[in-house]
Engineer: 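Dropping the structure in here first, questions after.
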Amino acid sequence: MQQDAFTAGVQPDGLKNKSDIKVLVCFVLSHYSQPLTRKDLTDIFLDRGLANYFEANDAISSLLKHNNLTENPDDNSLHITDSGRFIADTLYDALPVTVREKSLDATSKLLNRRHSSQLNKTRIDACDKGYNVTCTINDGTMDTMSVSVYVPTYNYAALVRDRFLDDPETLYRAVMAQLTDTPEIAPKQKKK
């Protein structure tokens, strides 16, 4: 008997029962070797409206209890066990394709942002009438560019920070194309 999950914040194509949420957790963890925490998974699911926060945490707890996952006490990273991998491998097609695609896309985005933030730095400083966001690009050996921009609210500052960390190369290419008058190096416009 399937039990309906609490669905506040879940998109229409999101998961509405606890069993599916457990499969989704196993599916995501089986696709990535990089460490993911409980918070990472709930952020991914909430960001895309795939599952409710409480239900996702309950699913993770149940998977841990039944040894489908283990949790590293040092960094709280979750690791899939053989039984969890079996769940992912045999039941993944029970998940809607859109849910699988959204979860993998959001996970890739999170992991890319994490990698980018290890090299590139951002700083948000409050000022008289808003915030200054400083974005610094580093090539692994030295800082190659730093840009500071004023925004009126903290929400805009966080948006600027996150967009920069999603793709610092685009900012670098756009600024260099403008400053050196070489439009051929400018990033291509993304189709919407």
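We use all heavy atoms of the structure for the numbers below, so side chains are in, but hydrogens, waters and symmetry mates are not. This chain uses plain numbering: 1 for the first residue, then up along the sequence.
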Engineer: Kindly say whether N67 contributes a backbone atom to a donor-acceptor pair with the side chain of T81 at under 3.5 angstrom?
Structural biologist: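 Looks like yes, one N/O pair under 3.5 Å.
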Engineer: Are any non-hydrogen side-chain atoms of V133 and Y156 less than 4.5 angstrom apart?
Structural biologist: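 The answer is no; the side chains never approach within 4.5 Å.
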Engineer: Can you check whether R100's main-chain N or O pairs, donor with acceptor, with Y92's side chain at less than 3.5 Å?
Structural biologist: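 The answer is no, because no donor-acceptor pair under 3.5 Å joins these two groups.
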Engineer: Determine yes or no for a side-chain-to-main-chain donor-acceptor pair under 3.5 angstrom, with D58 supplying the side chain and F54 the backbone.
Structural biologist: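 No.
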Engineer: So does Y150 have more than 12 non-hydrogen atoms from other groups sitting under 6.0 Å from OH?
Structural biologist: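 Yes - once you tally the heavy atoms of other residues, nucleotides and ligands closer than 6.0 Å, there are more than 12.
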Engineer: CG of D89 to CG of D82: how many Å apart, nearest 0.5 Å?
Structural biologist: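 With rounding to 0.5 Å, CG (D89) is 10.0 Å from CG (D82).
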Engineer: Using only heavy-atom distances, determine whether the side chains of N138 and D143 contain a donor-acceptor pair under 3.5 Å.
Structural biologist: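 Their side chains do contain a donor-acceptor pair, which is all the 3.5 Å distance test asks for.
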Engineer: Following the transitive rule for hydrophobic clusters with a side-chain heavy-atom cut-off under 4.5 Å over Ile, Leu, Val, Met, Phe, Trp and Tyr, establish whether V147 and Y172 coincide in one cluster.
Structural biologist: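 V147 clusters together with Y172.
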Engineer: For the pair H115 (side chain) and L111 (backbone), establish whether a donor and an acceptor sit closer than 3.5 Å, ignoring hydrogens and angles.
Structural biologist: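 No; judged by distance alone, with no hydrogens or angles, the pair does not exist.
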Engineer: Quick one: pull up CG in L95 and CG in L15 and give me the separation to the nearest 0.5 Å.
Structural biologist: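 Separation between the atoms: 6.0 Å.
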Engineer: Quick one: pull up NE2 in H31 and CZ in R85 and give me the separation to the nearest 0.5 Å.
Structural biologist: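 Answer rounded to 0.5 Å: 10.0 Å.
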Engineer: Could you state whether F164 and L110 fall into the same hydrophobic cluster, counting links through intermediate Ile, Leu, Val, Met, Phe, Trp or Tyr residues with side-chain heavy atoms under 4.5 angstrom apart?
Structural biologist: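 No: no chain of side-chain contacts under 4.5 Å links F164 to L110.
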Engineer: Are L50 and S103 packed together at the side-chain level, in the sense that at least one heavy-atom pair is separated by less than 4.5 angstrom?
Structural biologist: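 L50 reaches S103 side chain to side chain.
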Engineer: If you round to the nearest 0.5 Å, how far is CG of D47 from OG1 of T107?
Structural biologist: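 One gets 10.0 Å once the value is rounded to the nearest 0.5 Å.
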Engineer: For the residue pair N155 and T153, confirm or rule out a side-chain donor-acceptor distance under 3.5 Å.
Structural biologist: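 Their side chains do not contain a donor-acceptor pair, so the 3.5 Å distance test is not met.
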Engineer: With rounding to the nearest 0.5 Å, note down the distance linking CG in L171 to CG in D166.
Structural biologist: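 If we round to the nearest 0.5 Å, L171:CG and D166:CG are 12.5 Å apart.
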Engineer: For a side-chain contact (heavy atoms from CB on, under 4.5 Å) with K39, tell me which candidate from L41, T37, L36 qualifies.
Structural biologist: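 The side-chain contact (heavy atoms from CB on, under 4.5 Å) with K39 is passed solely by T37 among L41, T37, L36.
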Engineer: Report yes or no: does S30 contribute a side-chain atom to a donor-acceptor pair with the main-chain N or O of C26 at less than 3.5 Å?
Structural biologist: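 Between the backbone of C26 and the side chain of S30 there is a qualifying donor-acceptor contact (under 3.5 Å).
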Engineer: Which heavy atom of K109 sits nearest to which heavy atom of R48, and what is that distance?
Structural biologist: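 Closest approach of K109 to R48: CD-NH2, 4.1 Å.
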Engineer: Check this for me: Q34, atom CD, are more than 12 non-hydrogen atoms of other residues, nucleotides or ligands nearer than 6.0 Å?
Structural biologist: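 Atom CD in Q34 is packed in, count exceeds 12.
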Engineer: Grab the two heavy atoms, one from G140 and one from L119, that are nearest each other, plus how far apart they are.
Structural biologist: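 Distance-wise, the nearest heavy atoms are CA-CD2, 3.7 Å.
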Engineer: Does S146 form a side chain to side chain contact (heavy atoms under 4.5 Å, CB included) with I137? I'd like the steps, not just the answer.
Structural biologist: CA-CA 6 Å; S146 187; I137 298 173; over 6 Å; no
Engineer: Using modelled atom types and a 3.5 Å cut-off, is there a donor and acceptor pairing between side-chain atoms of N112 and backbone atoms of S108?
Structural biologist: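 A pair under 3.5 Å: yes.
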Engineer: Measure the CD1-CD1 distance between I21 and I60 for me, rounded to the nearest 0.5 Å.
Structural biologist: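 The CD1 atom of I60 is 10.0 Å from CD1 of I21, to the nearest 0.5 Å.
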Engineer: Is there a path of hydrophobic side-chain contacts, each under 4.5 Å between heavy atoms, that joins L165 and I44?
Structural biologist: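 Different clusters: L165 never reaches I44 through Ile, Leu, Val, Met, Phe, Trp or Tyr contacts under 4.5 Å.
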Engineer: If you take all heavy atoms of T90 and F86, which pair is closest and at what distance?
Structural biologist: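 Reported closest heavy-atom pair: OG1-O, 2.7 Å.
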Engineer: So L78 and L64, do their side chains get closer than 4.5 Å, heavy atoms only?
Structural biologist: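 Yes, their side chains come closer than 4.5 Å.
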Engineer: Is it true that a side-chain atom of R38 and a backbone atom of N76 form a donor plus acceptor pair closer than 3.5 Å?
Structural biologist: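 No: the side chain of R38 does not pair with the backbone of N76.
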Engineer: Before giving the answer on side chain to side chain contact (heavy atoms under 4.5 Å, CB included), spell out for V175 and M145 the whole-Å C-alpha distance, their side-chain angles and the decisive distance to 0.1 Å.
Structural biologist: CA-CA 9 Å; V175 170; M145 182 185 339; 3.8 Å; yes
Engineer: Between D125 and Y131, is a side chain to side chain contact (heavy atoms under 4.5 Å, CB included) present by the stated rule, with each step listed?
Structural biologist: CA-CA 5 Å; D125 297 312; Y131 297 85; over 6 Å; no
Engineer: Could you give me the CA-CA distance, side-chain angles and deciding distance for R114 and D40, then say whether side chain to side chain contact (heavy atoms under 4.5 Å, CB included) is met?
Structural biologist: CA-CA 11 Å; R114 183 181 291 162; D40 292 336; 2.6 Å; yes
Engineer: Just by distance, do the side chain of K22 and the backbone of K18 share a donor-acceptor pair under 3.5 Å?
Structural biologist: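 Flag not set: sc K22 to bb K18 has no pair under 3.5 Å.
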Engineer: When you measure from the side chain of T182 to the backbone of I185, do you find a donor-acceptor pair of N or O atoms at a distance under 3.5 Å?
Structural biologist: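 Not at all, since once roles are kept as given, no pair shorter than 3.5 Å links the two residues.
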Engineer: Are the side chain of N57 and the backbone of Y53 linked by a donor-acceptor contact shorter than 3.5 Å?
Structural biologist: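 Side chain of N57 to backbone of Y53, a donor-acceptor pair under 3.5 Å: yes, one is there.
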Engineer: For N68 and S83, what are the C-alpha separation, side-chain angles and deciding distance, and is it a side-chain hydrogen bond (donor to acceptor under 3.5 Å, both in side chains)?
Structural biologist: CA-CA 5 Å; N68 305 120; S83 62; 3.0 Å; yes
